[in-house]
Amino acid sequence: MSSANSAKRAHKPFALVDCDNFYVSCERVFAPKLRNRPVVVLSNNDGCIISRSAEAKALDIKMGAPLHHITALIKSANVAVCSSNYALYGDMSERVKQTLKQFSPEIEMYSIDEAFLRLPANPELTLCASDIHQRVLRWTGIPVSIGIGETKTLAKVASRIAKTSPSRVCNAFEQTSLEQTSLERIDRDKLLAETPVTKIWGIGKRHGTWLKAQGITTALQLRDINDEQIRRRAGVLGLRTVWELRGRSCLPLTMTIPTRKGVTCSRSFGRRTRNREQLREALATYAARVGEKIRRDGSAAGALTVFLMTNRFSNEPQYSKSALLTINPPSDDEKTLIQLALAGFERIYNANYRYQKAGVTLTDLTPINEVQTDLFPPSQTSRAPEKRETNTTQNAAEHSKSLSHILDSLNTTHGAGTIRYAATGIDKPWRMRSNYRSPCYTTHWSDLPLIPTLY
Ligand SMILES: [Mg+2]
């Protein structure tokens, strides 16, 4: 398909910036001893491998492999093991984003370690991408790979090739209007011919099998497929992918964060437990955590769900139950959320089982400034001398609300958990395993890296 006509219009290229082995890279920024050796990062509760350095991939350590399956290899190959540290990764992701904003205000954080950028039309595109690579590395310590194309799908295809290129940049942008020098971009047909069809964004295994049966195994063959044939099989979404491969942009940049439907905090326990106090502490902690999240978003919740479950992989008797409580009027107040979570717990707790996991979910989220206040709050329905009493109750509610915000700002300034409700526990023996966790170098004052004194 010729793109000569559309090329007359100046078209801004899409770039996909992808952090290399992101969690491992974050760990390496502050721990030079992790460089040039195999490193893996584990999922919550130190379960499975979720990020691998290039050296670990070379050892054939698979993504998702359970840690206990590869203990021998870890020992013999001297692999460094890290528990996941999401406070660190989230903060590093934010730093990468802030750096990328220097290059374009049009940015979509697609995931914690990937961002789409709309770059200004620029004849020196490859140079610009190298500049992005250099600056992100210098300012944050995180290495990135960058793919460029007319569409998001093409940028994604290019970024896959960029990962194996020494410059970490792959420029597949072809539009002639930019008069790029032919040296600096790669032959797009060749790029598409080298990309297996299953590696294309949005194709996946399901359509991949069918395409293979049609004799289509590369991105190039898919690009040249008959429109009707793909639409019949894969619908409009499939057709959109094909058009994107041809350089026709169908997926715009999504710059607004979609409003969340719900927020959950749930964790596995380090050890199974039936201990009532421990379970209450865990649920109070999770309720505090989801409260913090919705306050950051400026939302209030209209419903709270608590759940408890046993370990479904064990031979012990199984139990799993949840309770839904409405919050009226919707609230973001920490004390209210903790009290409701504990009330829900009392409804579902059964002392005959040992629990592996628990969680709290908030739903029916609305912006806090749109919350309808209750016309007849419970305190106002009581008889005289209402006036004073009502004021006192309302003031108490207001105080509690502003207290939540004060807690948030103290915890932001001085580190998570500096001030918290006693209900959330102190020693937290139920906490999930994270035996190899690195310090929160960038979000906790007490975890700041120290330079050893020489004298
Ligand atoms: Mg990545």
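Quick note: numbers below take in every heavy atom, side chains included, and nothing from hydrogens, waters or symmetry partners. In listed order, ligands and their atoms are each counted from 1.
Applying the ring pair (Phe, Tyr, Trp, His ring centres under 6.0 Å) test to residues at least two apart or on different chains, the pairs with a partner in residues 27-57 are F30-Y441.
Using bins of under 30°, 30° to 60° and over 60° for the plane-to-plane angle, the ring pair F14/F116 lands in the perpendicular bin.
Only protein N, O or S atoms were considered, and those under 2.8 Å from the Mg ion (ligand 1) are D18 OD1, C19 O, D113 OD2.
For the side-chain contact (heavy atoms from CB on, under 4.5 Å) test with S53, the passing option among R35, R28, R37 is R28; the others fail.
Between R289 and E292 there is a salt bridge, with a side-chain nitrogen of the basic residue lying less than 4.0 Å from a carboxylate oxygen of the acidic one.
Contacts of R118 classified as side-chain hydrogen bond (donor to acceptor under 3.5 Å, both in side chains), with partners at least two apart in sequence or in another chain: none. Applying the side-chain hydrogen bond (donor to acceptor under 3.5 Å, both in side chains) criterion to E106, with sequence neighbours excluded, gives K12.
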